[in-house]
Structures are given as structure tokens and as C-alpha cells.
Amino acid sequence: MAAADQPLTVEVRPSRAVAALLGGLCAVAVACVLAWAASAPFDGPAGQAVAGGAVGLTAVLAVVALRQRQPALLLGWDGQQWWLAHPAAGRDSPHWRGELRLVWRLGSCWVLRGHGEGAVAWLTVDARALGAKAHALLCALYCARRRPAG
């Protein structure tokens, strides 16, 4: 396919700020459960087992959440809809197609939400990593949203 057939394609990488925020939230959750376990009056080994289980479960969930990192993905706008694909697969085999919205923009940290084909996709984007393509992506996000149906 010619380059003109693909108006915009960028490789998006997850935002480090969002990863740091998620890490901080996980740490706060573990600390809260630890504080609860330390301050609650547990009677006997059964109560202590419940507290220990809660702390352990929270820690495991925090580790799982932190390990679920978004890989680098190709994001494209073909003039009709957005698509996502793994860089190795390329544009011809996207694993998601649909509409995309900018949900949150704080400096270079963007959160995008897409829905289509029965799935919802959440992306965090580090706009600094996009360089000059960040402005083009932002323009496409706003123009696609205002595109009349039909």
C-alpha cells in the first residue's frame, strides 16, 4: 500500500508518568492494608491468618498490576477509523479497530480510550517520545472526533 493510503501511523509507547502513578497507587494500597492489619485487634491465629492473607493478596495484586505493562504499539488513523497493531504484525493485521478519544492530557502524558469490535482499549501515551508526530496525532484525535457520521 502507498503511504497516501495511510494518513497517520505512529508507534506509541506507554507513559512513564502513568507507570509511576500506578506504582505509587499499588504501594499505597499495600501500605493501607498493612496498617489495617497492624491496627486491627485480631484474636487468635485465624484472625492473624486473615490479616496476613489480605496483605499477601494485596501485594500479589500490586505486582500483577505493575507487570501488566502496555507494550509499544502501532496506532493508525486511516481516515475512517483507528487501529492498533503490534509493530511486528504491522498495519495489515491490526488486533483492534474502532473509535479513539483523548480522555486525559496532562503535559506529555496522554490517556486514550478506544472502543470498537466489541472491545475497549486504554492506552497511555508519552507524547515526548512521539516527537513531531505528537501534534499530528493530537490533530487527528480532535478531527476524527468532530468528523460527521455518514
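Residue Leu84 forms a side chain to side chain contact (heavy atoms under 4.5 Å, CB included) with just one option from Leu112, Leu123, Leu74, and that option is Leu123.
Val28 and Val30 are assigned to two separate hydrophobic clusters, defined by single-linkage of ILVMFWY side chains at heavy-atom distances under 4.5 Å. Using a 4.5 Å cut-off between side-chain heavy atoms of Ile, Leu, Val, Met, Phe, Trp and Tyr, with links allowed through other members, Leu137 and Tyr142 fall into the same hydrophobic cluster.
For the atom pair CG of Leu100 and NE2 of His115, the computed distance is 9.0 Å after rounding to the nearest 0.5 Å. Atom-to-atom distance recorded for Leu138:CG and Leu130:CG is 10.5 Å, nearest 0.5 angstrom. Distance check: Trp110 CH2 to Leu102 CG gives 7.0 Å after rounding to the nearest 0.5 Å.
Ring planes of Trp77 and Trp82: tilted class, angle from 30 to 60°.
Closest non-hydrogen pair, Ala85 versus Pro94, comes out as CB-CA, 3.7 Å. Between Gly116 and Trp96, the closest heavy-atom pair is O-NE1, 3.5 Å. The shortest heavy-atom contact between Gly98 and Gln81 is O-CB, 3.6 Å. Heavy atoms only, all atoms of each residue included: Ala127 and Ala134 are closest at O-CB, 3.6 Å.
Looking at heavy atoms from C-beta onward, His86 lies in side-chain contact with Leu73 at the 4.5 angstrom threshold.
Counting non-hydrogen atoms of other residues, nucleotides and ligands closer than 6.0 Å to CZ of Arg128 gives a total of 12 or fewer.
The backbone N or O of Leu8 lies less than 3.5 Å from no partner atom in the side chain of Lys133, so there is not a single donor-acceptor pair.
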